[in-house]
Colleague: 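Before I ask anything, here is the structure I am working with.
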Amino acid sequence: MLFDLSQPGRRAARLPASDVPHVELNELLPAEARAETPPPLPELAEPDVIRHFTNLSTLNMSVDTHFYPLGSCTMKYNPKRNERMANLPGLLDLHPYQHEQSLQGLLELLYELQRYLGEISGLPAVSLQPAAGAHGELAALMVAAAYYRDLGEQRTKVLTPDSAHGTNPASARMAGFDTVTIRSTPAGYVCLDDLRAKLDEQVAVLMITNPNTLGLFDRQIAEIADLVHERGGLVYLDGANMNAILGIARPGDFGADMMHYNPHKTFSGPHGGGGPGAGPICVTEKLDPFLPAPVVGRRDDDYFLDYDRPRSIGRVRTFFGNVGVLVRAYCYIRTYGPDGLRAVSENAVLNANYLLSRVKHFLPVPQGDRCMHEFVASAEHLKKEKGLKQPAMDLAKRLLDYGFHAPTVYFPLTVHDAVMVEPTETESKQTLDAFAETLFRVTGEAGEVLAEAPHSTLVSRPDEVRAARQTVLRWTAEQPAS
Amino acid sequence: MAYLFNTPEDQRAMLEAIGVSSIAELFEVIPAALRLNRPLNIPPALSELELSQHVQRLATRNSPAGQSVCFLGGGSYDHFIPAVVDAVASRGEFYTSYTPYQPEVSQGNLQAMFEYQTLICQLTGLDVSNASLYDGGSAAVEAVLMALSVTRRSGKVVVPASVHPEYRQAIATYLANLDAELVTVGTPHGRVRLEEIEAAVDDQTACVLIQQPNFFGCLEPLAEVGQIAHRAGALLVAAVDPISLGLLKRPGDQGADIVVAEGQALGTPLQFGGPYLGIMACREEFVRRLPGRIAGQTVDRRGRRCWVLTLQTREQHIRRDKATSNICTNQGLFALRAAVYLAAMGPAGLRETAELCLRKAHYAAEQICRDERYSLAHGGPFFKEFVVRDGQGRVEELLADARQAGFHAGVPLGPWYPELQDCFLVAVTEKRSKSEIDALAGCLAGSPSDCTTVYA
Amino acid sequence: MDPKDLLYCKTHEWVHVAQEGGAKLATIGISAFAVEQLTDLVYMELPEVGGEVQAGQPFGEVESVKAVSPLYSPVDGEIVAVNSSLPDHLETLGEDPYDAGWIIKVRITDDSGLARLLDFAAYQKQCAEEG
């Protein structure tokens with residue numbers, strides 16, 4: 001632990017001496033405002049810091065080191081050229097309150113990105129402001145609320161399918177709506193009868209993920225959108241799975257009125273151990289006036305930040321947006337171009353289907369023989385076969401021993417003992433073969449071996465009950481060192 | 001293609017294994033009418049070399065800090081970033097991993113999160129920190145929502161005008177769809193007046209949000225506001241500048257129940273406003289209302305100390321519409337940067353940084369105001385930022401002239417505060433040298449000869 | 001209390017109703033089956049004495065590591081007692097769910113909800129189907 005390494009008087013950073021005329025601190029800052037001592041941070045030498053964190057890094061699996069088929073997270077390769085571009089001083093060292101005239105290159109980049117995202121989605125009005133997918137959902141639902149306020153309509157409900165990501169209902173609640181759950185059919189699609197039964201004039205928005213969380217394209221989407229639109233509602237598309245349909249189908253063309261992207265998934269922004277992401281949203285023209293301000297505008301050859309949007313919902317955060325992530329997305333889109341982006345989705349879908357074809361013989365995929373960019377298998381049969389309580393978890397843990405990151409497990413809840421696999425397009429057939437073979441081998445191993453896996457990692461099966469019951473959320477000096 | 005690796009031979013073998021004759025067949029599940037039957041209207045592909053040249057061209061059309069001398073603040077600051085921060089954060093094992101859903105292969109991230117949480121508690125004087133939120137503004141919003149939930153009051157939220165206007169705008173955006181009312185208390189003197197806070201707070205008030213130092217750089221009577229809030233059963237939420245805590249009393253020691261901060265100053269580059277770091281900490285008793293991920297310590301099946309994500313029932317993936325927040329993705333990489341920054345600075349480095357900011361800011365204020373055209377808009381103590389009033393009221397032209405001379409001289413306040421139309425906000429970090437400050441003062445004083453000696 | 005003498009909600013709460021000084025008093029807890037299904041409990045949130053409950057509405061929560069289960073009241077009434085030692089002794093819920101593991105006591109203002117509850121046999125049948 002960092003804190004165990006601390007030695008009084010040791011330090012890494014040294015600041016220069018003050019070069020302005022000396023004034024007593026008391027004259028600058030009243031004594032009652034000042035702390036007697038600085039915060040009790042650890043005291044370390046520079047090599048301590050580097051060695052500590054470098055050693056910590058080796059305890060992680062990552063895309064740079066391992067195949068990472070974490071379903072719904074789109075863990076594709078993070079191009080190094082994008083890192084280099086985003087770190088150019090001319091993009092990295094820009095202050096958010098610099099004058100527009102000193103930002104023309106960046107504003108052009110962001111303006112173009114707005115346009116690309118609008119084109120790829122078929123929804124032309126774009127805000128780059130939200131900081132993550134869930135933040136984009138929330139911003140879009142606020143846009144919907146403002147739209148109905150503007151129309152003078154009282155709509156209180158948001159519909160979400162039971163297979164939806166938890167952020168959907170959570171975002172709806174934060175935007176002031178009540179949520180109503182729509183059932184899925186056993187095949188994983190929206191149950192149209194249930195949707196019809198729950199659609200009324202109180203419904204503001206239907207939130208839908210398509211391709212859905214089972215990796216299936218819901219063919220009823222146009223009909224679903226028509227039903228919602230007939231009752232005056234809006235359709236929100238959760239863009240988490242856009243990696244399947246780039247250049248192939250556009251949400252705006254299949255009935256969506258609003259959507260968000262996850263550029264850290266679809267457009268290769270690195271996931272950063274849990275962030276940052278970004279959550280740009282795209283909407284139809286009629287919703288454009290309500291988008292968060294500012295957006296980037298263009299006047300002849302000049303780019304500017306357009307704050308003059310009187311019907312805007314306002315801000316959902318400080319400053320413009322997660323620009324660092326957006327610059328990487330821009331680089332990614334420019335690297336591929338129109339044919340390339342289409343090839344991304346084609347190969348993502350090819351890889352997923354290939355893996356599905358290899359896995360389904362020993363790990364059933366309840367929703368059938370085909371998928372889009374990911375599929376959900378079920379490990380339920382291993383419960384009885386091997387006497388396992390949580391077979392999907394056990395498989396996941398055992399894969400770690402063989403040098404593969406685990407798939408997402410126990411999501412979505414609509415499949416028992418779900419194993420959700422998303423290989424992405426940046427893996428080769430050889431990697432997929434190795435993974436499938438390992439998965440096959442693992443399903444043949446003894447129950448005890450699986451139940452106690454992983455065996456080769458530094459720690460195995462942390463006690464989560466203890467963590468939640470006897471919470472230790474920070475280091476304190478009283479703790480015994482270990 | 002850049003990052004696609006299946007050879008045509010691989011593709012043929014894969015299609016055969018799937019049992020289809022072409023990739024197009026895999027997409028037949030999408031009804032033909034819903035498919036796009038033309039190429040996307042975006043520019044053609046670029047090779048790495050072409051991309052580099054293109055983006056570099058765009059980059060040269062900007063004036064970054066370093067090329068121009070940066071005196072801009074308002075929540076984003078040109079602080080020094082030690083090389084160790086970049087060295088750690090550029091390790092692929094950190095930046096290309098994801099949320100630690102599998103703790104066995106994420107102990108690096110989890111332990112770093114736990115250490116970050118500890119460092120934030122040490123810095124703020126509070127009991128519990130989460131593992132990060134998006135940025136300072138959205139953290140302030142989350143703190144307000146948390147206060148509404150903790151106090152079970154849905155009446156009002158009291159926020160003085162001296163809080164960052166964009167924080168206040170974000171709070172207003174969120175509250176527009178909820179029941180609570182945002183009560184803004186004016187601060188014509190650049191800081192709150194206790195009697196006005198007292199008058200605004202009542203038994204339906206969930207919290208008072210105070211920024212310390214405030215948006216204008218001035219110090220607020222944090223402890224006294226806290227007493228007023230607590231007397232009414234409301235919480236005190238403090239939004240702080242983490243660098244200032246090298247010198248100032250910690251908000252946790254002054255009665256703050258929830259502390260939020262923009263963590264950008266702790267080792268994150270400016271990058272035009274994001275991604276930054278939302279810091280949030282609270283008192284122990286409120287931990288179950290704290291939004292966002294939290295790492296907790298436990299032991300594994302062999303009894304070894306380790307870390308996991310904990311108290312997850314607060315979160316959206318379990319509690320769905322009743323979650324404390326909808327947040328999922330956070331700012332892990334920037335929490336890591338902050339942890340490395342604080343570890344590298346230590347108590348002495350943080351204090352020295354804060355002192356340099358304080359001294360240089362006061363020197364700059366004095367130098368700028370030597371010209372009688374300029375005066376400080378507000379009296380009283382300030383930290384590293386201050387508001388300058390231009391007696392001639394020509395803020396826009398003035399800042400444009402300074403830009404020409406190579407200075408990002410300040411942030412005009414008119415767009416947020418009509419009464420400060422003739423004012424701009426100047427921030428001075430430890431990076432600004434005396435000669436840069438002198439040159440800025442000279443430039444503002446309209447002395448062309450001083451403007452040529454920009455570079456120190 | 002003998003589990004055979006209790007009434008049960010479909011949501012796994014049990015209730016025992018007694019006459020006390022002219023009012024009806026309901027003691028409410030959760031069944032052994034529910035505790036087993038929830039696996040390792042880590043937290044419990046209880047209401048305060050004096051609060052109102054409504055039939056079919058939640059009055060508290062129990063949590064395991066990865067699940068939250070609301071506790072539903074079978075009756076309308078006022079909470080007159082809360083077993084406040086439970087959150088610190090969650091094991092009681094598993095060890096003695098029908099006596100020491102009681103959760104709240106309610107002075108009933110409307111007992112029409114009781115008619116919708118299951119008796120022991122019907123509840124056992126439901127558990128067999130769920131299990």
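Chain A is the first sequence line, chain B the second, and so forth, proteins listed ahead of strands; every chain is numbered from 1. All values derive from a computational prediction rather than experimental measurement.
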Colleague: Going by atom types alone, do Ser171(A) and Glu137(A) pair a side-chain donor with an acceptor below 3.5 Å?
Modeller: yes
Colleague: Give, as side chain, backbone, both or neither, the part of Arg359(B) having an atom under 4.5 angstrom from any heavy atom of chain A.
Modeller: both
Colleague: Tell me, for Met61(A) versus chain B, whether the close heavy atoms (under 4.5 Å) come from the side chain, the backbone, both or neither.
Modeller: both
Colleague: Select one option (side chain, backbone, both, neither) describing which atoms of Leu356(B) are under 4.5 Å from chain A's heavy atoms.
Modeller: side chain
Colleague: Can you check whether Cys73(A)'s main-chain N or O pairs, donor with acceptor, with His271(A)'s side chain at less than 3.5 Å?
Modeller: yes
Colleague: Please state whether the side chain, the backbone, both or neither of Tyr336(A) comes within less than 4.5 Å of a heavy atom of chain B.
Modeller: both
Colleague: Any donor-acceptor pair under 3.5 Å linking the side-chain atoms of Arg317(A) with those of Ser138(B)?
Modeller: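 Their side chains do not contain a donor-acceptor pair, so the 3.5 Å distance test is not met.
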Colleague: Is Glu430(B) salt-bridged to Lys360(B), going by a charged N under 4.0 Å from an acidic O?
Modeller: no
Colleague: Among Glu262(B), Glu48(B), His164(B), who wins on heavy-atom pairs under 4.5 Å with chain A?
Modeller: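 Maximum pair count with chain A is reached by Glu48(B).
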Colleague: Can you tell me which portion of Tyr116(A) sits under 4.5 Å from chain B's heavy atoms? Options are side chain, backbone, both or neither.
Modeller: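 Both backbone and side chain.
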Colleague: Which region of Asn347(A), side chain (C-beta onward) or backbone (N, CA, C, O), has a non-hydrogen atom less than 4.5 Å from a non-hydrogen atom of chain B, or is it both or neither?
Modeller: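 The answer is the side chain of Asn347(A).
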Colleague: Looking only at heavy atoms and a cut-off of under 4.5 Å, which of Arg334(A), Arg173(A), Glu425(A) has the most pairs with chain B?
Modeller: Arg334(A)
Colleague: Checking heavy atoms, do the side chain of Thr353(B), its backbone, both or neither come under 4.5 Å from chain A?
Modeller: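 The answer is both parts of Thr353(B).
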Colleague: If I measure from the heavy atoms of chain A, does Leu350(B) come under 4.5 Å with its side chain, its backbone, both, or neither?
Modeller: side chain
Colleague: For Asp78(B), which atoms come within 4.5 Å of any heavy atom of chain A: side chain, backbone, both, or neither?
Modeller: neither
Colleague: Can you tell me which portion of Val411(B) sits under 4.5 Å from chain A's heavy atoms? Options are side chain, backbone, both or neither.
Modeller: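 Contact with chain A involves the side chain of Val411(B) alone.
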Colleague: Below 4.5 Å from any heavy atom of chain B, which atoms of Arg342(A) appear? Answer side chain, backbone, both or neither.
Modeller: side chain
Colleague: With distance as the sole test, does Thr96(B) use its side chain to make a donor-acceptor pair with the main-chain N or O of Glu93(B) at under 3.5 Å?
Modeller: no
Colleague: Evaluate the criterion side-chain contact (heavy atoms from CB on, under 4.5 Å) for residue pair Ser106(B) and Tyr101(B); output intermediate values, then yes/no.
Modeller: CA-CA 8 Å; Ser106(B) 312; Tyr101(B) 293 123; over 6 Å; no
Colleague: Quick check on the interface: out of Val88(B), Leu333(B), Leu34(B), Leu58(B), who has the most heavy-atom pairs with chain A under 4.5 Å?
Modeller: Leu58(B)
Colleague: Side chains of Lys429(A) and Gln11(B): is there a donor and an acceptor less than 3.5 Å apart?
Modeller: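 No, no side-chain donor-acceptor contact under 3.5 Å.
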Colleague: Quick check, are the ring centers of Phe272(B) and His95(A) under 6.0 angstrom apart?
Modeller: no
Colleague: With a 4.5 angstrom heavy-atom cut-off, could you sort out which part of Thr37(A) is near chain B: side chain, backbone, both or neither?
Modeller: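 Contact with chain B is through the backbone of Thr37(A) alone.
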Colleague: With a 4.5 angstrom heavy-atom cut-off, which part of Leu70(A) approaches chain B: side chain, backbone, both or neither?
Modeller: side chain
Colleague: Is Asp10(B) close to chain A through its backbone or its side chain, or both, or neither, when contacts mean heavy atoms under 4.5 Å?
Modeller: both
Colleague: May I ask you to check whether Tyr276(B) and Ser76(B) show a side-chain donor-acceptor distance below 3.5 Å?
Modeller: yes
Colleague: Any heavy-atom pair between the side chains of Leu138(A) and Thr167(A) that's under 4.5 Å?
Modeller: no
Colleague: What part of Ala343(A) gets within 4.5 angstrom of chain B, counting heavy atoms only: side chain, backbone, both, or neither?
Modeller: both
Colleague: Measuring heavy-atom distances to chain B, does Ile221(A) have an atom under 4.5 Å in its side chain, in its backbone, in both, or in neither?
Modeller: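 Ile221(A) touches chain B through side-chain heavy atoms alone.
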Colleague: With a 4.5 angstrom heavy-atom cut-off, which part of Leu145(B) approaches chain A: side chain, backbone, both or neither?
Modeller: side chain
Colleague: Report the C-alpha separation of Leu473(A) and Ile294(B) in whole Å, then their side-chain angles, then the decisive distance to 0.1 Å, and conclude whether the side-chain contact (heavy atoms from CB on, under 4.5 Å) test is met.
Modeller: CA-CA 7 Å; Leu473(A) 307 179; Ile294(B) 303 175; 3.8 Å; yes
Colleague: Measure distances from Leu247(B) to the heavy atoms of chain A and classify the residue's part below 4.5 Å as side chain, backbone, both or neither.
Modeller: both
Colleague: Would you check if there is a donor-acceptor pair between the side chains of Thr54(A) and Ser57(A) at a distance under 3.5 Å?
Modeller: no
Colleague: Ser132(B) side chain to Gln331(B) main-chain N or O, any donor-acceptor pair under 3.5 Å?
Modeller: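 Yes: the side chain of Ser132(B) pairs with the backbone of Gln331(B).
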Colleague: Will you find, in the side chains of Glu115(B) and His52(A), an N or O donor that is under 3.5 Å from an N or O acceptor?
Modeller: yes
Colleague: Does a side-chain N-to-carboxylate-O contact under 4.0 Å join Lys397(A) and Glu452(A)?
Modeller: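 So Lys397(A) does not pair with Glu452(A) through a salt bridge.
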Colleague: Counting heavy-atom pairs under 4.5 Å to chain B, which of Leu25(A), Ile50(A), Asn60(A), Val325(A) comes out on top?
Modeller: Asn60(A)
Colleague: Specify which of Leu106(A), Asp253(A), Leu91(A) makes the most heavy-atom pairs with chain B at under 4.5 Å.
Modeller: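 With the most close heavy-atom pairs to chain B, the winner is Leu106(A).
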Colleague: In terms of heavy-atom proximity below 4.5 Å to chain A, should Arg304(B) be classed as side chain, backbone, both, or neither?
Modeller: side chain
Colleague: Using non-hydrogen atoms only, which part of Leu28(A) is less than 4.5 Å away from chain B: side chain, backbone, both, or neither?
Modeller: both
Colleague: Give the member of Val20(A), Asn351(A), Thr179(A) that has the highest number of heavy-atom pairs under 4.5 Å with chain B.
Modeller: Val20(A)
Colleague: In terms of side-chain heavy atoms, does Ser268(A) have a donor or acceptor partner in Asn78(A) at a distance below 3.5 Å?
Modeller: no
Colleague: Answer with side chain, backbone, both or neither: which region of Val308(B) has an atom nearer than 4.5 Å to a non-hydrogen atom of chain A?
Modeller: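 For Val308(B), the contact with chain A is made by the side chain alone.
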Colleague: Could you look at Ala87(B) and say if it's the side chain, the backbone, both or neither that has a heavy atom under 4.5 Å from chain A?
Modeller: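 Just its side chain gets close to chain A.
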Colleague: Report the C-alpha distance between Phe217(A) and Phe254(A) in whole Å, list the side-chain angles of each, state the deciding distance to 0.1 Å, and finish with yes or no for ring pair (Phe, Tyr, Trp, His ring centres under 6.0 Å).
Modeller: CA-CA 11 Å; Phe217(A) 191 91; Phe254(A) 57 68; 5.5 Å; yes
Colleague: Taking the six-membered ring for Trp, are Tyr97(A) and Phe319(A) ring centroids under 6.0 Å apart?
Modeller: yes
Colleague: Checking heavy atoms, do the side chain of Glu315(B), its backbone, both or neither come under 4.5 Å from chain A?
Modeller: neither
Colleague: Select, from Ala13(A), Gly176(A), Pro338(A), the one with the greatest count of heavy-atom pairs under 4.5 Å involving chain B.
Modeller: Pro338(A)
Colleague: Specify which of Pro415(B), Pro381(B), Ala343(B), Gly246(B) makes the most heavy-atom pairs with chain A at under 4.5 Å.
Modeller: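 Heavy-atom pairs under 4.5 Å are most numerous for Ala343(B).
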Colleague: Under 4.5 Å heavy-atom distance to chain B, tell me which part of Pro79(A) shows up: side chain, backbone, both or neither.
Modeller: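 Looking at Pro79(A), backbone and side chain both touch chain B.
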Colleague: Name the option with the most non-hydrogen atom pairs under 4.5 Å to chain B; the candidates are Gln98(A), Glu43(A), Gln101(A), Arg370(A).
Modeller: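 With the most close heavy-atom pairs to chain B, the winner is Gln98(A).
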Colleague: Only pairs of heavy atoms separated by less than 4.5 Å count here; which of Ser90(B), Pro82(B), Pro103(B), Gly19(B) has the most with chain A?
Modeller: Pro103(B)
Colleague: Taking every heavy-atom pair that is under 4.5 Å apart, which of Val287(B), Val105(B), Thr99(B) has the most such pairs with chain A?
Modeller: Val105(B)
Colleague: Would you find a donor on one side and an acceptor on the other, under 3.5 Å apart, between the side chain of Ser460(A) and the backbone of Pro454(A)?
Modeller: yes
Colleague: Working to the nearest 0.5 angstrom, can you tell me the gap between Asp369(A) CG and Asn353(A) CG?
Modeller: 9.5 Å
Colleague: So which residue, Pro275(B), Ala131(B), Gly349(B), ends up with the most heavy-atom pairs under 4.5 Å with chain A?
Modeller: Pro275(B)
Colleague: Tell me, for Tyr98(B) versus chain A, whether the close heavy atoms (under 4.5 Å) come from the side chain, the backbone, both or neither.
Modeller: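 Both backbone and side chain of Tyr98(B) come within 4.5 Å of chain A.
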